[in-house]
2 protein chains.
Amino acid sequence: MEPPPPAPQPPVDLAALADQLRPAVLKLSRHLRREAQKVGVSALDAQLLGMIKLSPGAGVSDLADLEQMSRPSMSAHLKRLEAAGWLTRQANAPGGDKRRVGLVLTPKGAQALLAIKRSRNDWLAARLAALSASELCALAAGLAPLGRLVEVKS
Amino acid sequence: MEPPPPAPQPPVDLAALADQLRPAVLKLSRHLRREAQKVGVSALDAQLLGMIKLSPGAGVSDLADLEQMSRPSMSAHLKRLEAAGWLTRQANAPGGDKRRVGLVLTPKGAQALLAIKRSRNDWLAARLAALSASELCALAAGLAPLGRLVEVKS
DNA sequence: GTAGATAGTTAGGCTTCCTAATATGTTGAA
DNA sequence: TTCAACATATTAGGAAGCCTAACTATCTAC
């Protein structure tokens, strides 16, 4: 008879959580951008290369959706990566859609990706190394829900 | 005699953790920026107002350090907030340093801050509301170490 | 075929952030 | 006291990243 209680637990103050999460994320992303600039390759670039490596032939829209970014923005990033010689636009697959571009890594791009990953002694990893094991566990555990926050809605 | 082992636990793959954290943070900050633009007040603005409210008389450098941002960047933000009529530069305190500016909220600024906080039914809180209680707990627990990542070194 | 959806690009603009240089004020040591 | 070194803040100029609107080319369905 009684309606289900809104939440079994005291419902965790969402606003407070948001107010803690927001500044941390903003500061962290500032740092990431700054560090990336020193290195010359942005975190996004590395990620895009990785994504293309994993699913070669992906299109601009696919990547834009995955990264939750506008198509023009993604297009510009890819243009830059192509100009760097790190990826190419594949001729359309047989029976293919002539509108689509099939993005694939060049050997140079694959090499660049490896180099980036190898030099992942970067700022973030260094900062992580300063945390205790239990802190790292907590962080790792919190990562899944964090990921869900930015999940693509199906 | 034996040297202390590098880590009692298998040392949590820092690189893997970083590779998970980075994209989540980047995506989230993109979302935050996009949403903030719709509303017209950036998350940083709100935060600055809050910081000034808590410690009136703070200087540009203080805030820049807290937010871990260059002084010119902070200066520009504050200029914008001042132009909006949300804060003023106090005349120097008695016996004060004439270089420093003492930042204080105007009544209008305090009001704006309240309005912003009240309308914290924003995107992030909404997204958080979609998580389960246990996910929220995990997220909340992970927040402390996340904060430590961007902590100011003393 | 032709209307509408889809893939991608171009054009133009905004925000946020940075470094380098400058103006002004403070302090300490010769 | 006077001047060099330092600190605070701003101005100037520029780069990165993102967006919307508008356009081209292609595809699908009627």
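Protein chains get the first letters and strands the later ones, always in sequence-line order, with residue 1 at the start of each.
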Write down the protein N/O and nucleotide N/O pairs, taken from nucleotides 15-19 of chain D, whose separation is under 3.5 Å; answer none if there are no such pairs.
from: D/dC18; atom 1: OP1; to: B/Arg30; atom 2: NH1; distance (Å): 2.6
from: D/dC18; atom 1: OP2; to: A/His77; atom 2: NE2; distance (Å): 2.8
from: D/dC19; atom 1: OP1; to: B/Arg34; atom 2: NH1; distance (Å): 2.2
from: D/dC19; atom 1: OP2; to: A/Ser70; atom 2: N; distance (Å): 2.9
from: D/dC19; atom 1: OP2; to: A/Ser70; atom 2: OG; distance (Å): 2.8
from: D/dC19; atom 1: OP2; to: A/Ser73; atom 2: OG; distance (Å): 2.9

**Study point:** Interatomic distance, B/Leu63 CG vs D/dT10 P [rounded to whole Å]
**Key:** 11 Å

Review point. Considering residues at least two apart in sequence or located in another chain, which fulfil the side chain to side chain contact (heavy atoms under 4.5 Å, CB included) criterion with B/Lys108?
Key: B/Trp86, B/Thr106

Review point. Quick one: ring pair (Phe, Tyr, Trp, His ring centres under 6.0 Å) pairs with a partner in residues 45-77 of chain B, sequence neighbours left out?
Key: none

Review point. Quick one: side chain to side chain donor-acceptor pair (under 3.5 Å) partners of B/Ser73, sequence neighbours excluded?
Key: B/Ser70

Exercise for review: Walking along DNA chain C from 5' to 3', note the first and the last nucleotide with an atom under 4.0 Å from a heavy atom of chain A, and give both.
Suggested key: C/dA5 to C/dC18

Exercise for review: Using a cut-off of strictly less than 4.0 Å, decide whether B/Ser61 has a side-chain nitrogen or oxygen near OP1 or OP2 of D/dA7.
Suggested key: no

Review point. Is there side-chain contact between B/Leu124 and A/Leu17, with heavy atoms separated by less than 4.5 Å?
Key: no

Exercise for review: Identify, with sequence neighbours excluded, every residue that meets ring pair (Phe, Tyr, Trp, His ring centres under 6.0 Å) alongside A/His31.
Suggested key: A/Trp123

Point to revise | Sequence-distant partners of B/Arg99, salt bridge (charged side-chain N to carboxylate O under 4.0 Å, His left out), two or more places apart | key: B/Asp97

Revision key, fill the gap. Residues at least two apart in sequence or cross-chain that pass salt bridge (charged side-chain N to carboxylate O under 4.0 Å, His left out) with B/Arg80, listed by chain then number, are B/Asp45

Point to revise | Set of side chain to side chain contact (heavy atoms under 4.5 Å, CB included) partners for A/Arg33, sequence neighbours left out | key: none

Listing time: all N or O pairs from protein to nucleotides 27-30 of chain D that are below 3.5 Å?
from: D/dC27; atom 1: OP1; to: A/Lys98; atom 2: N; distance (Å): 2.6

Check your understanding: What residues, two or more places apart in sequence or in another chain, satisfy side chain to side chain contact (heavy atoms under 4.5 Å, CB included) together with B/Ala58?
Key -> B/Ser55, B/Asp62, B/Leu63

Study note, to complete from the structure: salt bridge (charged side-chain N to carboxylate O under 4.0 Å, His left out) filter on B/Arg89, not counting sequence neighbours, yields B/Glu82

